[in-house]
Amino acid sequence: MGQQSYNSAYDVLVVGSGAAGLTAALTLAEQHKVLVLAKGALNSGSTAWAQGGIAAVLDAGDTFDNHIRDTMVAGAGLNRRETVEFVIESAPHAIARLVDLGVPFNTEGENLHLTREGGHSHRRIVHVADATGWAVEAALLKAAEENPNITLLPNRTCIDLITGRHELRYSGSGRVWGAYALNTETGRVEAHTARATVMASGGAGRCYLFSTAPRGATGDGIAMAWRAGARVSNMEMMQFHPTCLYNLEVKNFLITEAVRGEGGRLINPRTGKRFMEFYDERLELAPRDIVARAIDAEIKRFGLDYVHLDISHMPADFVKEHFPTIYDKLLGLGIDMTTGPIPVVPAQHYTCGGILIDLAGRTDLPGLYAVGECTESGLHGANRLASNSLLECFVFGEAAARDIIARWDTFDTPPPVRPWDESRVTDSDEEVIIKQNWTEIRRFMWNYVGIVRTTKRLERAAHRIKLLQEEVGDYYGHFRVSTDLIELRNLLECAELIVRSALKRHESRGLHYTLDYPGTIDPPADTVLVP
Ligand code: FAD
Ligand code: SIN
């Protein structure tokens, strides 16, 4: 164990190797040397898990206005229209870029095949069967690996941003100069400095007991940026996907919304009847917040463990062709979706809030950009429209990179910074504390800060967070960092941001639904937290 300082051989540091980070890196590499760090394996983020696809107006009968309207209806008016227009109008270019990179999107004749998902008034989702993210991540990684200007370093868990207060000779610049990262292969903490830093670290879904997101979605980048002094916004807007597989062994397998898009019906297993007609005229294709709340209500009202999602009325070949990954996975668990229903429950799925950015991905902190799920760009508002998030990663990944390239001459060379100080810490002999606290946070967030909220439950969660902060702070101050400890600290930080934001919003809008404030307040306003 020890510490190590790196001279900045790279111009730009990118934290994260998902859709957002790799898109930024590939654009930056046209002019600059880029270092990309990832926690664990390079493809361990949410991107590789994406199923449904990417939304873009590509059909002759569709228009940008339609997609903009659908996005703002789903977002319950909290979206920033300027951002929505920017992203949606950039979508055809983003898809063309992915086609050029070799992503094998499904086609229909000469055109890309378009599927449909909840909240979309038209078919506009390009996809690679039901494993779009896997294909996208593979294509981006291949291009990055082949690019001589990009260095990819897996197994680096970033701990904190390097800022002005870490400069060897304090300059008062207020700049971000890179990040300290734990190299999990050597156990050393490295200081990676660069002229500009792009945070692309994904969401904070693992704050919740049940989540479709991968293990590493612990909100590290949001917490790092917040600790460094950046504002975060709309953290109460946590999206729950209506249809996560209910299975006691496989806890976070998503059943894509495209199953409903292609005719799947939600059925109450007790009554044997479709129930969405009691909740919304758009039935199974209502926006996610509405469908998730309807399932939650049905489960609570009838004392169910799950509801059924049934597409067995469609021809078996159609189901197998459209959903080969899901079909195989379910068959392995003894469920044949071509002949019977799939048991499903809602689970946390997407972090709509995050680090506040402008249209170029700039944060409040000079030298720090942020892109992808760790941000709040104004696109999603109070509820993300399905398949708009990968799109956001591509559009903002490129926008941030272009802005850095355009302003390059204004970015100074990083000064010498202090190495990570481990002189007062020892190896932990009580790893059980980390596990216990991790489980506790995820459980009370699920129970108290879930799909339906009350002020009392939020206050209970706030109280638990306060107690845990003392314990985790004490532990962090005394023991050598590990990925688990870094993640626990960040989960707790994000849980606090979510609960604080939820307590500030005295209305029900989109994903924030509270029994104490059932109405909406106009005009819509973001919940912005200032460090
Ligand atoms: P990610 O892809 O999550 O990548 C985060 C990166 O940051 C990873 O490389 C990770 O290792 C790294 N990282 C994190 N913390 C650290 C740290 N401390 N130090 C160093 N590196 C770190 N969206 C759609 O638009 N369409 C879909 O069909 C779709 N399906 C989905 C299905 C599932 C099951 C899930 C979970 C999400 C889905 N989404 C979908 C959402 C979408 O996949 C994500 O929003 C998007 O992939 C996020 O990309 P990203 O680049 O921001 O982050
Ligand atoms: C899904 O395939 O249902 C997920 C789509 C998304 O999260 O955008």
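As the structure lists them, so they are numbered: ligands from 1, and atoms in each ligand from 1. Note: hydrogens, waters and symmetry copies are ignored here, and every other heavy atom, side chains too, is used.
Residues R80 and L356 share a closest heavy-atom pair of NH2-CD1, 3.7 Å.
Counting heavy atoms under 4.0 Å from ligand 2, residue L254 touches it through the side chain alone. Under 4.0 angstrom from ligand 2, the non-hydrogen atoms of R288 all belong to its side chain.
Ligand 2 has no nitrogen or oxygen under 3.5 angstrom from a nitrogen or oxygen of Q51. The shortest N or O to N or O distance between G52 and ligand 2 is under 3.5 Å. Considering backbone and side-chain atoms alike, N388 places every N or O at 3.5 Å or more from each N or O of ligand 2. For ligand 2, the polar-atom distance check finds an N/O of H349 within less than 3.5 Å of one of the ligand's N/O atoms.
Using a 4.0 Å cut-off between charged side-chain N and carboxylate O, K142 and E146 make a salt bridge. Under the 4.0 Å criterion applied to side-chain N and carboxylate O atoms, D358 and R231 are not assigned as salt-bridge partners.
Using bins of under 30°, 30° to 60° and over 60° for the plane-to-plane angle, the ring pair Y350/H380 lands in the perpendicular bin.
With a 6.0 Å cutoff to the six-membered ring centre and a 45° limit on the axis angle, R293 counts as a cation-pi contact of Y513.
When side chains are defined from C-beta on, L28 counts as touching V14, because their heavy atoms get closer than 4.5 Å.
Sorted by chain and number, the heavy-atom contacts of ligand 1 below 4.0 Å come from V15, G16, S17, G18, A19, A20, L37, A38, K39, S44, G45, S46, T47, W49, A50, Q51, G52, G53, R156, T157, C158, A200, S201, G202, T212, A213, D220, M224, L254, H349, Y350, G372, E373, R384, S387, N388, S389, L390, C393.
Distances from ligand 2 to the non-hydrogen atoms of A386 include at least one value under 4.0 Å. Heavy atoms of H241 come nearer than 4.0 angstrom to ligand 2 in at least one pair.
For W446, the CH2 atom is densely surrounded, since the number of other residues' heavy atoms within 6.0 Å is greater than 12.
Of the protein's non-hydrogen atoms, T256 OG1, 3.3 Å is the one closest to atom 1 (C) of ligand 2.
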Could you pull out all donor-acceptor pairs under 3.5 Å where a side-chain atom in residues 35-42 meets a protein atom, sequence neighbours excluded?
unit_1 : atom_1 : unit_2 : atom_2 : d
K39    : NZ     : G216   : O      : 2.9
K39    : NZ     : T218   : OG1    : 3.0
K39    : NZ     : D220   : OD2    : 2.8
K39    : NZ     : E487   : OE2    : 2.7

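The distance from ligand 2 to the heavy atoms of R384 drops below 4.0 Å at these ligand atoms: 6 (C), 7 (O), 8 (O). With ligand atoms numbered from 1 in the order given, ligand 2 contributes 1 (C), 2 (O), 3 (O) to contacts under 4.0 Å with heavy atoms of E257. Every atom of ligand 2 with a heavy atom of S387 under 4.0 Å away is listed here by number and element: 6 (C), 8 (O).
For T243 (side chain) and I255 (main-chain N/O), a donor-acceptor pair under 3.5 Å exists by modelled atom type.
Between the CD1 atom of I441 and the CD atom of E496 there is a distance of 11.0 Å, given to the nearest 0.5 Å.
Judged purely by distance below 3.5 Å, without hydrogens or angles, the side chains of S389 and E373 never pair a donor atom with an acceptor atom.
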Fill in: Chi angles and distances behind the salt bridge (Lys or Arg N to Asp or Glu O under 4.0 Å) call for R215, D484
CA-CA 11 Å; R215 164 75 174 66; D484 284 349; 3.0 Å; yes
